[in-house]
Amino acid sequence: MEPLIGMGVLALIGVAATIAGASEDLESDVGSQSNPNSQVQLAPQMMFPHRIYNKAVSGEPPSNALMCSVGAAVATVLIAEFTLSPLFALVIGSLVAACVHGTFAVTSTMGRAASQRRFKQPVYLDMIRSHTPVIMGYAFITTFCILIVSYLMTVVLGHPFPLTMLAFIWGITVGAIGSSTGDVHYGAEREFQQFEFGSGLNASNSGNIVRYGESGVRNGYDNSWFCAKFGGPVTGIAFGMTVFLGSWVTTVFDPAVSLTRGWFSVVAGVIIVLILIIWNWKIEVKARNAYGPYKEDKTEEASA
């Protein structure tokens, strides 16, 4: 493959991965399937009923892996057996995956709310009707972008894994990055805004989530609107960098050309990881020096 063609395809893969990461994080926020979902689940038991969609039947990595692999399996059958255009096959596969994901979302949120009847948590049918299409829309975008990444890696870049396997792996990856990168903005900054930022969460405050938004009772739309400002884009950049940098070394130093170039790709990958580790350490040290730790307030006696 020509280097320019490979880099062009790799750029397209990076863009699609960035969009997938952002949409995955926002989908988990509007449907409350991030790590902070445990606090949403706990809130009614602590006598804090809410109007937040609560669909986490499983964590984000296995949920997205199922969603993406279902879409890839459908697309593979349409391409191989019905000779359908790859673009239309990927779209139809993503649509089927979004419907499957929407089914799991409805059954999980209704089951969770119904199981909390003793804690006076209602089942808000209007919330289910309004939020489920949004969840399915985000799921469609995420699945479609993951399928684009997997298809280009398989067909154009010559990756040995089949489409369904690659989609499964990238589904787990995007879910894991969404949980580790974007969740802090949904949980620490959004669910517990009534507490001082950085103060931690005491056990006595568990489940005491913010239930009122800027106008009326808070819901999943509010969480998605808030996280779209920073949490979603940061998650997209993190996943996009993971996919782009992970494929860049083998595109530039193609192991298929020679064994020496294969070793160059390994060395380049190690160098990139070391640079990111040092960069992350520098950012953390600078942030700690600039914003922390918290200082003791001076008392009147100390001031005197």
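Count residues from 1 along the sequence. Heavy atoms only: backbone and side chains are in, while hydrogens, waters and symmetry mates are out.
Within the 4.5 Å cutoff, the side chain of Q194 has heavy atoms near those of the N208 side chain.
Annotation for V234: hydrophobic cluster partners, listed by chain and number, are F230 (ILVMFWY side-chain heavy atoms under 4.5 Å, direct or chained). Counting Ile, Leu, Val, Met, Phe, Trp and Tyr side chains that sit under 4.5 Å apart, directly or through other members, V123 shares a hydrophobic cluster with L26, V30, Y53, V106, M110, L125, I128, V134, I135, Y138, Y221.
Applying the side chain to side chain donor-acceptor pair (under 3.5 Å) definition to pairs two or more places apart or across chains, none involves residues 225-246. Counting only residues at least two apart or on different chains, no salt bridge (Lys or Arg N to Asp or Glu O under 4.0 Å) pair has a member in residues 139-160.
Qualifying ring pair (Phe, Tyr, Trp, His ring centres under 6.0 Å) partners for F88, counting only residues two or more places apart in sequence or in other chains: none. By the ring pair (Phe, Tyr, Trp, His ring centres under 6.0 Å) test, H101 pairs with no residue at all, sequence neighbours left out. E27 is linked by a salt bridge (charged side-chain N to carboxylate O under 4.0 Å, His left out) to K55, counting only residues two or more places apart in sequence or in another chain. Checked against salt bridge (charged side-chain N to carboxylate O under 4.0 Å, His left out), R51 has the following partners two or more places apart in sequence or in another chain: D126. Every residue meeting the salt bridge (charged side-chain N to carboxylate O under 4.0 Å, His left out) condition with E284, not counting sequence neighbours, appears here in chain and number order: R288. Residues passing the ring pair (Phe, Tyr, Trp, His ring centres under 6.0 Å) test with F48: none are found, sequence neighbours excluded. Take F119 and apply the ring pair (Phe, Tyr, Trp, His ring centres under 6.0 Å) test, not counting sequence neighbours, and it matches no residue.
Distance check, rounded to the nearest 0.5 Å: CG of N223 to OH of Y186 gives 5.0 Å.
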Would you tabulate the side-chain donor-acceptor contacts of residues 65-75 under 3.5 Å, counting partners in other chains and residues two or more places apart, or write 'none'?
{"unit_1": "S69", "atom_1": "OG", "unit_2": "A65", "atom_2": "O", "d": "2.7"}
{"unit_1": "S69", "atom_1": "OG", "unit_2": "L66", "atom_2": "O", "d": "3.0"}

